[in-house]
Amino acid sequence: AQKITQTQPGMFVQEKEAVTLDCTYDTSDPSYGLFWYKQPSSGEMIFLIYQGSYDQQNATEGRYSLNFQKARKSANLVISASQLGDSAMYFCAMREDNNAGNMLTFGGGTRLMVKP
Amino acid sequence: DAGVIQSPRHEVTEMGQEVTLRCKPISGHDYLFWYRQTMMRGLELLIYFNNNVPIDDSGMPEDRFSAKMPNASFSTLKIQPSEPRDSAVYFCASSLAWARAGGYTFGSGTRLTVV
């Protein structure tokens with residue numbers, strides 16, 4: 001079974017609008033961390049935002065926020081005021097703190113394209 | 001810190017040749033990971049080390065792949081012999097244990113093409 005599912009292979013958004021990228025996860029571990037990475041066309045992996053399973057508030061980092069719904073096992077990334085430079089692949093990842101060591105497991109990614 | 005350093009950035013080799021990818025993790029990080037990225041399979045973990053010791057190599061596709069970490073500042077991923085289906089981007093990443101925000105740092109990747 002997929003541990004991380006990103007159901008949107010590709011998305012378009014108009015510049016300056018907000019966009020939500022979906023991520024659902026599957027784990028029986030009560031302690032875990034959720035990460036979002038951006039991969040522009042140049043190929044590097046850029047960390048965006050982190051949410052711990054015990055964190056009470058949704059994480060925010062500048063224009064990025066994470067809509068964490070623990071009961072639904074979803075961790076959607078919200079990008080506000082999209083910019084042309086936001087066009088990239090976006091990956092959701094999870095680390096299970098007790099079950100699976102210290103590694104990250106990635107979803108299949110969503111390609112976001114920002115239209116001018 | 002210069003971040004995670006991988007070399008080479010690009011490698012083109014002929015089928016059957018040996019390929020060695022190199023990684024220098026961030027100083028002080030005690031975990032090192034090798035990932036492979038392809039269109040078909042996405043980002044998949046190949047192997048990871050903790051304090052230079054291989055912990056989980058279940059993602060290594062077959063015996064043609066091997067990885068070593070002789071010291072805390074250097075790791076190699078070797079493919080011998082290489083095959084066209086090994087063509088991919090190989091990422092090295094390092095982290096501290098149970099890192100939170102920003103704790104996993106990726107190198108720029110090595111794009112391998114086997115012809």
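Below, read A as the first sequence line, B as the second, and so on, with proteins coming before strands; counting in each chain starts at 1.
Side-chain contact check for A:E44 versus B:F106: every heavy-atom pair is 4.5 Å or farther apart. Taking 4.5 Å as the limit, every side-chain heavy atom of A:Y37 sits out of range of all side-chain heavy atoms of B:L43. Between A:F47 and B:T105 the shortest side-chain heavy-atom distance does not fall below 4.5 Å. A:M103 has its side chain out of reach of B:Y104: every pair of non-hydrogen atoms, C-beta onward, lies at least 4.5 Å apart. Using a 4.5 Å heavy-atom cutoff, the side chains of B:F33 and A:N102 are in contact.
Criterion: ILVMFWY side-chain heavy atoms under 4.5 Å apart, direct or through other members. Under it, B:V89 and A:M45 are part of a common hydrophobic cluster. Following chains of ILVMFWY side-chain contacts shorter than 4.5 Å, one can reach B:Y90 starting from B:V19, so the two form part of one hydrophobic cluster. Under the 4.5 Å side-chain heavy-atom criterion for grouping Ile, Leu, Val, Met, Phe, Trp and Tyr, B:I5 is not connected to B:L96 through any hydrophobic cluster. Note: the hydrophobic cluster containing B:Y48 does not contain B:L77 (ILVMFWY, side chain heavy atoms under 4.5 Å, direct or indirect links).
Shown here is B:E62, whose CD atom has more than 12 heavy atoms of other residues, nucleotides or ligands within 6.0 Å. Within 6.0 Å of atom CG in B:N71, more than 12 heavy atoms from other residues, nucleotides or ligands are found, so the atom counts as buried in its surroundings. Annotation for A:K73: atom NZ counts as buried by contact number, over 12 foreign heavy atoms lying within 6.0 Å.
Looking at A:L104, both its backbone and its side chain come within 4.5 Å of chain B, counting heavy atoms on both sides. When heavy atoms are compared at a cutoff of 4.5 Å, A:Q39 approaches chain B solely by way of its side chain, counted from C-beta outward. With a 4.5 angstrom heavy-atom cutoff, B:I47 does not touch chain A via any of its atoms.
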(request) Just do the side-chain contact (heavy atoms from CB on, under 4.5 Å) check on A:F91 and B:Q37 with the steps written out, would you? (result) CA-CA 12 Å; A:F91 292 95; B:Q37 185 178 29; 3.4 Å; yes
